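Throughout, protein chains are lettered first and strands after them, A, B, ... in sequence-line order, and every chain is numbered starting at 1. Note that the coordinates shown come from a computational prediction; the quantities given were computed from them, not determined experimentally.
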Amino acid sequence: MKSSVSVQEADFDLSAEVRALTAGELSAGAVASFVGLVRDNNDGAGVADMTLEHYPGMTEKALNEIVAKAADRWELLGVRVIHRVGYLKPGEQIVLVAVSSPHRGNAFAACEFIMDYLKTQAPFWKKESTSEGGRWVDARDSDESALDKWKDQIGL
Amino acid sequence: MKSSVSVQEADFDLSAEVRALTAGELSAGAVASFVGLVRDNNDGAGVADMTLEHYPGMTEKALNEIVAKAADRWELLGVRVIHRVGYLKPGEQIVLVAVSSPHRGNAFAACEFIMDYLKTQAPFWKKESTSEGGRWVDARDSDESALDKWKDQIGL
Amino acid sequence: MITVLFFAGLREAVGTSSESLALPSEVNTVAALRDHLAGRGDKWSALASAKNLRAAVNQDMVPLTTAIKDGDEIAFFPPVTGG
Amino acid sequence: MITVLFFAGLREAVGTSSESLALPSEVNTVAALRDHLAGRGDKWSALASAKNLRAAVNQDMVPLTTAIKDGDEIAFFPPVTGG
């Protein structure tokens with residue numbers, strides 16, 4: 001399986017990433033992908049912009065471990081993860097997870113699994129500028145409970 | 001919710017479709033998408049090319065009904081479905097389903113639901129050219145059982 | 001009159017993609033129409049022997065027990081394989 | 001010597017992103033290190049009052065009960081919010 005993880009300030013192009021993921025791999029019948037975007041509102045306040053902080057070194061390590069966990073569990077041909085850091089405005093892309101596989105069930109499951117684990121295991125923190133000033137985004141209980149789904153289903 | 005369904009011979013650009021889906025919709029935090037590709041092998045034989053037949057009129061109707069079913073069940077902001085017909089070679093894109101939502105759980109579920117229903121409810125048929133001649137692709141039992149998952153989970 | 005359509009391998013087997021015909025008075029379900037057409041014999045028997053034959057009436061996929069009436073568009077085809 | 005890192009709201013609260021210090025002999029877990037640093041008082045008490053404090057040792061996320069030793073890189077931070 002080929003996999004690649006990037007943490008970067010630069011934006012990314014979804015088509016180009018998916019094309020690179022499946023290039024020369026003609027047994028890939030399915031690509032599931034996820035793009036996370038900066039929303040213009042959160043917890044009832046307008047969001048003007050956002051700054052993403054991370055833990056250099058650990059970030060790449062954590063993302064690679066999550067990808068390896070997914071590759072252990074599903075038949076995958078390729079995984080691409082990109083997470084942006086730094087200054088972002090509403091509508092901008094934050095994160096990409098793309099997964100290729102011979103069949104769609106594995107691609108969907110692995111893509112959602114990687115996003116769910118990234119949300120609680122990868123060291124990124126968002127600070128929003130809102131009409132009420134700057135604030136660090138609180139973790140959501142729903143992100144913790146999203147992991148329970150995988151624990152129940154596949155005994156992780 | 002905005003939705004759009006196309007049946008066409010032309011290829012599509014994933015980035016452009018996702019950008020159009022979320023344009024001006026700054027409450028969309030999540031876009032899940034699926035791209036199906038022509039594989040170079042199927043059921044143990046090499047595939048040289050493929051022709052996709054459909055039922056004009058019913059195809060668009062069936063796809064719109066599947067999208068409406070998904071929009072009834074999950075909080076969605078936009079859905080885009082493109083299915084190609086005609087002559088296709090290995091590596092080419094066949095189908096796109098892209099779903100935007102405020103949060104990722106709904107986007108993932110609706111995207112996979114639409115693909116699973118499309119596979120058994122939308123009137124498309126594939127004919128492959130293989131080393132053993134032309135043959136119509138057989139439906140997979142796994143595609144029927146993929147629907148059971150939704151029936152169990154959400155009582156459809 | 002009704003319109004009958006055939007797709008994919010079934011279209012190739014019966015050798016036509018569509019025909020219009022007067023609905024015989026005793027034919028009032030999709031299954032009865034299939035039997036009526038298969039009764040022509042020769043290549044039409046593909047309709048009787050098709051594994052997992054699927055049908056649509058007025059562009060809705062339906063069970064073969066579904067009633068049909070004059071003016072309907074009825075399609076016969078194998079299980080779908082898009083996506 | 002150990003390296004201690006702070007991120008996000010906790011970094012702002014303690015007013016620094018990293019420091020190196022000699023590991024006191026009685027400090028042998030992440031939790032003991034947190035208590036040791038919080039014991040400095042003032043802004044450092046943020047470490048004691050942090051809801052859901054998370055930690056990593058040598059870039060692996062770990063429970064606060066995890067053992068630490070000389071040479072380790074220990075990070076303290078709030079629950080992560082990427083993605």
Looking only at B:V47, B:T22, B:V95, B:D40, most heavy-atom pairs under 4.5 Å shared with chain A are made by B:D40
Would you indicate whether B:Q8, at its atom CD, is surrounded by more than 12 heavy atoms from other residues, nucleotides or ligands within a distance under 6.0 Å? yes
Considering only heavy atoms, which portion of B:V38 lies under 4.5 Å from any heavy atom of chain A: side chain, backbone, both, or neither? backbone
Leading residue by heavy atom contact count with chain A [cutoff under 4.5 Å; candidates B:I94, B:N41, B:D116, B:L26]: B:L26
Please state whether the side chain, the backbone, both or neither of B:V35 comes within less than 4.5 Å of a heavy atom of chain A. both
Other residues, nucleotides and ligands only: do more than 12 of their heavy atoms fall within 6.0 Å of NZ on A:K2? yes
Strictly distance-based, threshold 3.5 Å: is any side-chain N or O of B:S15 a donor or acceptor partner for the main-chain N or O of A:D13? no
B:E112 vs A:R104 side-chain heavy atoms within contact, under 4.5 Å: no
Please round to the nearest 0.5 Å and tell me the distance separating atom SG of A:C111 and atom CZ of B:F34. 11.0 Å
Between A:G36, A:A28, A:G105, which residue shows the highest count of heavy-atom pairs closer than 4.5 Å to chain B? A:A28
Select, from B:S100, B:S33, B:A98, the one with the greatest count of heavy-atom pairs under 4.5 Å involving chain A. B:S33
Rounded to the nearest 0.5 Å, how far does CG of B:L37 lie from OG of A:S27? 10.5 Å
Using non-hydrogen atoms and a limit below 4.5 Å, what part of residues 136-147 of chain A faces chain B? A:R140, A:D143, A:A146
Given a strict heavy-atom distance threshold of 4.5 Å, which part of B:N42 is in contact with chain A: side chain, backbone, both, or neither? neither
For A:V18, is it the side chain, the backbone, both or neither that has a heavy atom under 4.5 Å from a heavy atom of chain B? side chain
Who pairs with B:T130 by side chain to side chain donor-acceptor pair (under 3.5 Å), at least two apart in sequence or on another chain? none
Side-chain touch A:H103/B:R39, heavy atoms, less than 4.5 angstrom: yes
